[in-house]
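Okay, so here's the structure we're looking at.
Only heavy atoms go into these numbers, but all of them, side chains included; no hydrogens, no water, no symmetry mates.
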Amino acid sequence: MVNKMSWIQVIKRLLKNPFVFGASIGILVVIFNISIASLAEGSIKKGFEVFLTNGIFVYLIPLAVSVQMGLFRYHRNIITGNIAGSEKMGMAGSATSSLTMVACCLHHVSDILPSIGLILAASSFLIQYKDTIIIIGLIANVGGSIYIAKAIINDRSIIAKLDKIAA
């Protein structure tokens with residue numbers, strides 16, 4: 001009798017692959033960014049235009065998040081115990097990148113809601129420091145990736161020692 005897996009089981013199995021997991025998260029970041037830009041601009045077409053005209057940063061941030069989340073998935077695959085540090089770094093890096101992409105488009109919201117003073121103040125700040133905020137997000141992702149990579153190296157050496165003792 002052939003055991004048929006449900007779609008949920010297939011997706012869960014696919015997402016255990018670090019490459020698939022990282023790429024999926026990167027695609028979600030792109031979709032999130034285009035959605036924010038589309039909401040701010042009032043149409044999907046303008047949202048795509050904003051996304052594509054924001055320079056190299058809009059490509060680097062999803063890539064950085066993908067790498068970090070792929071490393072996180074790989075670490076989670078090799079360790080069954082507590083990986084709270086990697087989990088926190090992964091979440092912090094992804095949240096920072098998401099916030100930087102929102103910051104990138106937030107100044108367009110002031111076009112829609114000019115009566116809200118806080119948004120106007122925030123948008124002028126974000127317009128002025130947009131690149132700096134995005135660079136901070138990229139640095140957070142690179143730092144998180146380095147942290148997770150060090151944790152992977154450390155944990156792999158511990159696993160190798162345990163395997164050597166067990167043999």
(message) Is there a continuous path of hydrophobic side-chain contacts, each under 4.5 Å between heavy atoms, that joins Ile158 to Ile79?
(response) no
(request) Could you list the residues that satisfy side-chain contact (heavy atoms from CB on, under 4.5 Å) with Ile11, not counting sequence neighbours? (result) Leu15
(request) Kindly compute the distance separating CD1 (Ile152) from CG (Leu71), expressed to the nearest 0.5 Å. (result) 5.0 Å
(request) First locate atom CZ of Arg76, then atom CE of Met69, and finally report the distance between them rounded to the nearest 0.5 Å. (result) 10.5 Å
(request) Taking all heavy atoms of Ala23 and all of Ser66, pick out the closest pair and write down the distance. (result) CA-OG, 4.3 Å
(request) Measure the spacing between OG of Ser145 and NZ of Lys150 and express it to the nearest 0.5 Å. (result) 12.5 Å
(message) So, using side-chain contact (heavy atoms from CB on, under 4.5 Å) as the criterion, who are the partners of Phe19 when residues are at least two apart?
(response) Asn17
(message) Looking at every non-hydrogen atom in both residues, tell me the closest pair between Ser6 and Gln9 and how far apart they are.
(response) N-OE1, 2.9 Å
(request) Just jot down the side-chain contact (heavy atoms from CB on, under 4.5 Å) partners of Ile27, sequence neighbours excluded, or say none. (result) Ile31
(request) Report the distance from atom CG of Asn154 to atom NE2 of His75, rounding to the nearest 0.5 Å. (result) 8.0 Å
(request) Mind checking side-chain contact (heavy atoms from CB on, under 4.5 Å) for Asp163 and listing every partner two or more places apart, or none if nothing turns up? (result) Ile159
(message) Using a 3.5 Å distance criterion without hydrogens, assess whether the side chain of Asn141 forms a donor-acceptor pair with backbone atoms of Gln68.
(response) no
(message) Which heavy atom of Arg73 sits nearest to which heavy atom of Lys16, and what is that distance?
(response) CG-O, 3.6 Å
(message) Quick check for you: to the nearest 0.5 Å, what is the distance between Phe32 atom CZ and Ile61 atom CD1?
(response) 11.5 Å
(message) If hydrophobic residues (ILVMFWY) are linked whenever their side-chain heavy atoms come closer than 4.5 Å, directly or via other members, who joins Ile146 in its cluster?
(response) Val142
(request) Applying side chain to side chain donor-acceptor pair (under 3.5 Å), name anything that partners Arg156, two or more places apart in sequence or on another chain. (result) Tyr74
